[in-house]
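Heads up: the structure comes next, in structure tokens.
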Amino acid sequence: MFEPSYTAALSRLQAFVPKAGRDYAAMRNHDDTAHVSTLSPYIRHRIITEEDVLRATLARHSPQAAEKFVQEVFWRTYWKGWLEMRPSVWASYRADLQAALNRVQTESGLRKEWEAACNGETGIDAFDHWARQLVEMGYLHNHARMWFASIWIFTLRLPWVLGADFFMRHLLDGDPASNTLSWRWVGGLQTVGKTYLATADNIAKYTQGRFRPDGLAQFVAPLDGPPHPPRGPLPVSDPLPPVASSALLVTEEDMSLGWLLDRYQPQRTVIVQTTAARSPLEVSDRVTGFVAGALQDAAGRFDGRLGEVAFLAPDRLGDWCKGQKVETLVTSFIPTGPTRDALQGVGLSRQLRPYDSAAWPHATHGFFRFKEKIPALLGQMRGIRAA
């Protein structure tokens, strides 16, 4: 369903744009991919960027007509900015996930229930359908993700971190900020005390009656967790090093390289895939293959501007730098998450996109405060060069 290429991303964007206005607003909650963009695997890896999507949408629709879709694009931006100011939330998630996986190994009852949920064998027809769909397609409608997470946490009473990890292993758009914080939101950890409860009536309404599951939790209490950590400083771009002692690093976090190549003209480029770091368990072949194909496509798309190109595993990067006498790797900013974790200890010159540097400072509280800034952010985009 998802071809890992810039051309495929543009085709999907062009096909969706006519529906990005009132059609999207009216039908977006229905569990049917015909009513949503399905652009998230491409935006997550910045095969196309948020700016690309917003520009194309607002060339066809007014900001008022496309308000719901524009907000949906900015949700991803908001989540990234929020987590970037609180990276310990990601570290806590990974620590809690490892503890939960240790429990899976030692508690046979938990292991059986976790395996049934991952295999779509719980007996809850809607949930089982979505579990199988995720594994088979690498994609779920956003509303289905919310229902799924709610049932996982409150009806099956499984650790939320195991559910978030199941998504990270199988979603083509598995994003550390959007995924982790959305699961926290469903459980009542993100907006403290506010949970999301999946109901049979709501599921029936938005699946056109295909599912009306019995036995769902009726009343839920928010999960217990520590308060949000204090906000830390936001990143800024590092100085660019001399070309002779540096190289360009391309990761799966940003494959639209035009804006960076306008600032820095490398003699050498190294392309590193870090998909395996998304989970302590094995990430699906579908996800790994999509990212590998997209990185190859990016190399071809910018061929002639990258210099000598090498594809490497993360554990070979240090030796490559020594052999090439490279002191610093210039890269698009790598946000909090598994790619940054996998590249610890590597000397980087991190370059922050103007789009991120404009939007992230507003991700201080909840999204509803953030969205008040969207009109101004859209206005600033007129002066920001799209990738």
Side-chain angles (χ1 to χ4, degrees), residues 6 44-47 49 80-81 83-88 90-91 94 175-177 232-278 288 291-292 294-358 360-361 384-385 387:
Y6 177 69
R44 182 264 180 264
H45 301 98
R46 283 185 163 163
I47 299 168
T49 68
K80 285 197 173 201
L83 189 61
E84 207 54 50
M85 286 187 272
R86 304 163 182 87
S88 64
W90 169 257
R94 291 300 291 250
D175 177 89
L234 279 166
V236 296
S237 291
D238 297 319
L240 284 169
V243 171
S245 61
S246 62
L248 179 67
L249 169 65
V250 180
T251 75
E252 58 205 64
E253 303 303 319
D254 193 338
M255 303 189 203
S256 287
L257 308 176
W259 76 283
L260 185 54
L261 291 171
D262 288 344
R263 300 181 177 193
Y264 173 78
Q265 294 78 49
Q267 297 175 351
R268 295 153 292 190
T269 295
V270 58
I271 299 176
V272 176
Q273 182 170 357
T274 54
T275 316
R278 296 186 187 190
T288 301
V291 176
L295 287 168
Q296 289 280 355
D297 181 76
R301 178 181 168 195
F302 295 99
D303 185 36
R305 301 184 68 184
L306 302 179
E308 181 182 346
V309 177
F311 286 82
L312 294 178
D315 59 1
R316 293 185 55 207
L317 191 54
D319 289 342
W320 182 86
C321 288
K322 289 178 183 177
Q324 295 287 323
K325 296 182 172 55
V326 166
E327 298 175 4
T328 308
L329 294 170
V330 177
T331 188
S332 297
F333 183 81
I334 299 171
T336 298
T339 296
R340 185 187 293 182
D341 294 346
L343 297 177
Q344 288 291 330
V346 177
L348 300 177
S349 169
R350 306 170 304 164
Q351 303 301 308
L352 190 65
R353 281 180 175 271
Y355 173 89
D356 294 331
S357 63
W360 286 359
I384 297 176
R385 185 185 182 279

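Reckoned from all heavy atoms, side chains included, excluding hydrogens, waters and symmetry mates.
A salt bridge links Glu253 and Arg44; the closest N-O separation between the charged side-chain nitrogens and carboxylate oxygens is under 4.0 Å.
Side-chain atoms of Glu252 never come within 3.5 Å of backbone atoms of Ala294 as a donor-acceptor pair (strictly under, hydrogens ignored). Here the side chain of Gln351 pairs a donor or acceptor atom with the backbone of Asp238 at under 3.5 angstrom. In this structure, the side chain of Thr328 does not engage the main chain of Ser246 through any donor-acceptor pair within 3.5 Å. A distance-only check finds a donor-acceptor pair linking the side chain of Arg268 to the backbone of Ala244 [under 3.5 Å]. For Ser245 (side chain) and Glu327 (main-chain N/O), no donor-acceptor pair under 3.5 Å exists by modelled atom type. Under the 3.5 Å distance criterion, the side-chain polar atoms of Ser349 are matched with a main-chain donor or acceptor of Pro239.
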Apply side chain to side chain contact (heavy atoms under 4.5 Å, CB included) to the pair Arg305 and Leu260, showing each step before the final yes or no.
CA-CA 11 Å; Arg305 301 184 68 184; Leu260 185 54; over 6 Å; no
Test Val250 against Phe302 for side chain to side chain contact (heavy atoms under 4.5 Å, CB included), laying out the working first.
CA-CA 11 Å; Val250 180; Phe302 295 99; over 6 Å; no
Please walk me through it: do Asp254 and Ser256 pass side chain to side chain contact (heavy atoms under 4.5 Å, CB included)?
CA-CA 6 Å; Asp254 193 338; Ser256 287; 4.0 Å; yes
Could you go through Val330 and Arg263, starting from their C-alpha distance and side-chain angles, then the distance that decides it, and tell me whether this counts as side chain to side chain contact (heavy atoms under 4.5 Å, CB included)?
CA-CA 10 Å; Val330 177; Arg263 300 181 177 193; over 6 Å; no
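Atom-to-atom distance recorded for Leu343:CG and Thr331:OG1 is 8.0 Å, nearest 0.5 angstrom. The NE2 atom of His45 sits 9.5 Å away from atom OG1 of Thr251, with the distance rounded to the nearest 0.5 Å. Considering CG of Asp341 and CZ of Arg94, their distance stands at 6.0 Å, rounded to 0.5 Å. Atom CZ of Arg46 and atom OH of Tyr355 lie 7.5 Å apart (nearest 0.5 Å). To the nearest 0.5 Å, the span separating OG on Ser357 from CG on Leu234 amounts to 9.5 Å. Rounded to the nearest 0.5 Å, atoms CZ (Phe311) and CZ (Arg316) are 12.5 Å apart.
With contacts defined as side-chain heavy-atom distances shorter than 4.5 Å, the pair Leu317/Leu329 qualifies. Residues Leu261 and Leu248 form a side-chain contact, since some pair of their non-hydrogen atoms from C-beta on lies under 4.5 Å apart. Annotation: side chain of Trp320 is in contact with side chain of Val270 (closest heavy-atom distance under 4.5 Å). Considering only heavy atoms from C-beta on, Thr49 comes within 4.5 Å of Arg353 through its side chain. Side-chain contact between Leu295 and Met255 is present, with heavy atoms from C-beta onward closer than 4.5 Å.
Smallest separation of non-hydrogen atoms from Pro176 and Trp90: CB-CZ3, 3.5 Å. Of all heavy-atom pairs spanning Pro338 and Ala277, the tightest one is CB-O, 3.2 Å. The two residues Lys80 and Pro335 have their closest heavy-atom pair at NZ-CG, 4.1 Å. Across Pro266 and Leu306, no two heavy atoms sit closer than the pair CG-O, 3.9 Å. The two atoms that bring Gln267 and Val243 nearest to each other are CG-CG1, 3.6 Å, heavy atoms only. Shortest non-hydrogen contact noted between Arg278 and Val291 is NH2-CG2, 3.6 Å.
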